[in-house]
Amino acid sequence: MLIELGHFALILAFALAFAQAGVGFAFWKRGGAAAAFVQQSAILQFVLVGASFAALTQAFIVSDFSVKLVYEHSHSIQPMLYKITSVWGNHEGSMLLFVLILVLFGAAVAAFSRNLPDDLRTLVLSMQGVMVAAFSAFVLFTSNPFWRFDPAPIDGTELNPVLQDIGLALHPPLLYLGYVGFSVCFSFATAALISGRIDAAWARWVRPWTLASWAFLTLGIAMGSYWAYYELGWGGWWFWDPVENASFMPWLAGTALLHSAIVMEKRNALKVWTIFLAIITFSLSLLGTFLVRSGVLTSVHSFASDPTRGTVILAMLAALIGGAFTLFALRASALRSGGLFAPISREGALILNNLFLSAATAGVLVGTLYPLVLEALTGARITVGAPFFDLTFGALMVPLLLLIPFGPFLAWKRGDLAAVTQRLMGAIIATVLVTIIVFTLLGFPVSLAPLGLGLGFWVMLGAIAELFDKAAFRRAGFRRGLARLKGLPRTVWSTAIAHFGVGVTVLGVVFATAFQTEIVTSMRQGESAEIAGYTVHYDGEQMLEGPNYIAERGTFRIIAPWGTTSRLTSERRVYAVSRMPTTEAGINTYGLSQMYVQFGERFGADGRVVRLWHKPYVLLIWLGAIIMAGAGFLSLTDRRMRIGAPQAARRKRPEAAQ
Amino acid sequence: MLWLFAILLTLAALGALYAAMRRPLAGADEDAPTRAFFKSQLEGIEEDMRIGRISESEAAAARGELAREVLRFEREEGKPASAPAAKILPVLIVLPLVAVVAFAVYIAIGRADLPGQPLAGRDLAAEGGQISIEDAIAQVEARLVETPNDVRGWEALGPVYMQMGRYSEAANAFRHILDLAPPTADAETDLAEALILVNDGAADEESIALLRSAAGRDPVHVRSRFYLAGELTRSGNFEEAAALWRELLDIAVGEEPWVATARAGLAAAEAGSTDATLSDPVPDATQEVMIRGMVEGLAARLYDTGGSTDEWMQLVRSRMVIDGQDAARQDLDRGLAALDAEGRTALADLAAELGL
């Protein structure tokens, strides 16, 4: 009965979303009962979809195979964690998760934006209602997770073994929190266009939603990348795969939005552009969902490809995005242009940032869609591979990275480049020194790698320099500087930390690509191989039985250059029900570096093909992403973000009197 | 019960909406949020000046700019609200509509008649009994009507038909297997066996040809030779029969239970070839005996020295046909104990297929 009640709750939420959109758009100017209705309805939808999701999860937990989805994606012998993650490890369930997060954000807007003007909040929630109605209709009528079997099968088929991993518990929810979070920015943009009120205050109200979505998306992408790295067994962490690009494009556009919204908030400028970015960011999220869910692309993500679903998503995409852009075309010209500024100024730097980021987004978009369009038109199958992306994306990122440290130093309106360079001199000298040291340590190689490392250090040192400068250690002395450093607004801290994170990721990328060592060899029991100073000793293999798979496990002993010995196991599994083989790479972590061992095919009578990678400082890639996301969350806690919250907080700090 | 909860849920949701509409947000000042924003911007300027991010003159300019923004806002937005607050009544109409839509959609696509069936609460053994072998066959047959080229379907059906004594249907199934998959000695012998049983134990030309082909295809194939030798003995081709019996005895290790039958056959054939007047040319070698002999031979070998997964599967399948479930289950248990994990899974799959 629970499962049917869950089904009913979802349908009720769908009906409510319709009512919410209808009432909201009809009465948005008049507030009162309509505003209250819309607000309450948004919260109720979250409760209802939450109940629905819980009912489905319960069906997976108790292995109720009368539910088609449970039969198709779970099995009674699966470990409990994977029974639960199976809920969204498939098309229908993941779309329900999408709706759940959509209503979560709707409820959050309703709950935390009580201090927005009534009309704006009602319009935002109405737009969210349209999306909830559309997506829950899609779930109910084309991808219903509550479909039943009568009689119920004895046991299920299995969750795709590649997905039987802790990564499935983290990656999709985080990614969706990012994707779907941008729907709030989209709703704010359409609400602004409809009501005609687009000003600095609007930018302030959107900022927390942009920040939160961006931080979640950052974590989601990083988690996906790390998961692919250790699960797919190719030793790579980013493949410029269309599915990855689908999540990366909203991130790039979202990053641009984050920066342009600052200009809008502080200077009342770049308004049209910011609105445009808000629309395009969510459009790219939807495009990603479409690409992944339609079966246009085949990958581990395209669970079941069904052309009708793809068509429906495409139609929804066209209606939502088309509608928003029509609105944009009609209303954008009426916007009052904002404050003036000189080319060399904080605004100018942020425009440059936006320029590079949007060009990068466009580059990735072209590289991702061009093969699809070409195939649709001519039937020719081509792939646009890593070289294209490395070149276009790299070429755009280098100048952007060079510029990052300058931005926060420039004054609003009219900046002085010479003065800024002077204040950055410390960072510049430090970067040059570090780069020279790196060159020397590497023995002056003829490659760009040390320059890449220098770039990473430059961004990191620039971020530190900003904090030092703001704290004015030189003028105020150490102790007062320290006090000032502590007193800096959290937004300043988060900017510096996020930029520092970018530098960390750059370092990781350069290290991992330029200095990794790879060996493919065949090993027999007792043999060893040398890689990057480590000795890898193969101790033999054994068969073992997991809860729902059997595995051949190779055991290795790894002797580090400094003499410590550690064990490592790497497996090849065959899952019992689906009879699908997977690899479980063996990874040992040394500080920030990793030894990656993939246990390959049999070779001869008792040998194995073994692939060994030494990946120096590879963890920096994801560490940087975590730092960036952390900075985003830190910024959310800034006092000034909580508009309208009780402002009685200690306004005057004692320090001000000093 | 479900309906009761559904109605309660709907009522609760609509009630919450009604309650919210009854006391709309206490007509807060519409412009308050924007004023709060301007105030926070002013604070931002003060703070920037305090920590020295901007100079005093810059702060003054910024304050001036902010003041102009505030003035503009007051001019544009400061007018009294034009539209009166929405009344509760028009919005109220929506509530019953929501309920109607929800119930209509649920009745259209929901399955209120189906209870949840958590695995732990199900009596699988009883359910397994409910799915009769006829139903299972009917399901496979129905699928084969749609995909007649699915060789696995025919492979599942053939032995089951044999077990049920539906020999002509079995022959049809085996014929499909031969058409769809590359011929093997076993497949040819299966078809010949079915054809023989259709003819009440008499081998026609087709089955003889099939058995010869099978024996020729696999130099150590026992079953085809057994049938062929028996048939040749029966029809009086004693010399050829004797040669086949000898081949069989050569293939045999010596411990197989059918060895005795083969010796008897050889003796009969040899006797027949020297004494054409032998009154009853068929010794004790009825088909039943032959098949049993072969199965016992396979069983003895697998029990003693073990064998491949395929051989265990063949044994279990044959035993099922000849001796029924109990005997097959015994072989199954031995097989499960003897095989490695991968083979075990395959064998268990087969057992499930056979309904063991």
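The chains referred to below are lettered A, B, ... by the order of the sequence lines, with proteins before strands, and numbering in each begins at 1.
In this structure, chain A has heavy atoms under 4.5 Å from both the backbone and the side chain of B/Thr10. A/Ala200 touches chain B through backbone and side chain together, each having a heavy atom under 4.5 Å away. Neither the backbone nor the side chain of B/Arg68 comes within less than 4.5 Å of any heavy atom in chain A. Looking at A/Asp469, neither its backbone nor its side chain comes within 4.5 Å of chain B, counting heavy atoms on both sides. For A/Leu16, the parts lying under 4.5 angstrom from a heavy atom of chain B are both the backbone and the side chain. Heavy atoms closer than 4.5 Å to chain A are found nowhere in B/Leu97, neither backbone nor side chain. The contact between B/Ala16 and chain A is made by backbone and side chain atoms together, counting heavy-atom distances below 4.5 Å. Of the atoms belonging to A/Ala9, heavy atoms from both backbone and side chain fall under 4.5 Å from chain B. Residue A/Ile43: no heavy atom, backbone or side chain, is found under 4.5 Å from chain B. Heavy atoms of A/Gln58 lying under 4.5 Å from chain B are absent altogether. For a residue to count as touching a neighbouring chain, one of its non-hydrogen atoms must lie under 4.5 Å from one of that chain's; by this rule A/Trp147 touches chain B with the side chain only.
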Test A/Phe65 against B/Leu119 for side-chain contact (heavy atoms from CB on, under 4.5 Å), laying out the working first. CA-CA 7 Å; A/Phe65 295 117; B/Leu119 192 63; 3.9 Å; yes
Would B/Leu114 and A/Ile3 count as a side-chain contact (heavy atoms from CB on, under 4.5 Å) if you check the C-alpha gap in whole Å, the side-chain angles of each, and the deciding distance to 0.1 Å? CA-CA 10 Å; B/Leu114 282 187; A/Ile3 189 76; over 6 Å; no
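In this structure, A/Ala15 and B/Val101 approach most closely via the heavy-atom pair CB-CG1, 4.0 Å. Taking each heavy atom of A/Lys266 and B/Gln41 in turn, the nearest pair found is CA-NE2, 4.1 Å. Taking every heavy atom of both residues into account, B/Ala102 and A/Ile11 meet most closely at O-CG2, 3.4 Å. Smallest separation of non-hydrogen atoms from B/Arg111 and A/Glu4: N-OE1, 2.9 Å. Residues A/Leu5 and B/Ala6 come closest through the heavy atom pair CD1-N, 3.9 Å. The minimum heavy-atom distance between A/Arg204 and B/Ser40, with the atom names listed, is NH1-OG, 3.0 Å.
At least one side-chain heavy atom of A/His7 sits less than 4.5 Å from a side-chain heavy atom of B/Ile109. No side-chain heavy atom of B/Met21 sits under 4.5 Å from any side-chain heavy atom of A/Gln40. Side-chain contact between B/Val105 and A/Phe141 is present, with at least one heavy-atom pair separated by less than 4.5 Å. By the 4.5 Å heavy-atom criterion applied to side chains, A/Phe37 and B/Val94 are counted as neighbours.
A distance of 12.5 Å separates CD of B/Gln117 from OG of A/Ser63, quoted to the nearest 0.5 Å. To the nearest 0.5 Å, atoms CG (B/Leu17) and CD (A/Gln20) are separated by 9.5 Å.
Annotation for A/Tyr575: atom OH counts as buried by contact number, over 12 foreign heavy atoms lying within 6.0 Å.
By number of non-hydrogen pairs under 4.5 angstrom with chain A, the leading residue of B/Thr345, B/Val100, B/Val98 is B/Val98. Note on A/Leu12, A/Asp64, A/Leu120, A/Val62: by heavy-atom pairs under 4.5 Å with chain B, the leading option is A/Asp64. Ranked by heavy-atom pairs under 4.5 Å with chain A, the list B/Ala99, B/Ala62, B/Ala13 is led by B/Ala13.
Under the 6.0 Å cut-off for aromatic ring centres, A/Phe8 and B/Phe5 do not qualify, their centroids lying 6.0 Å or more apart.
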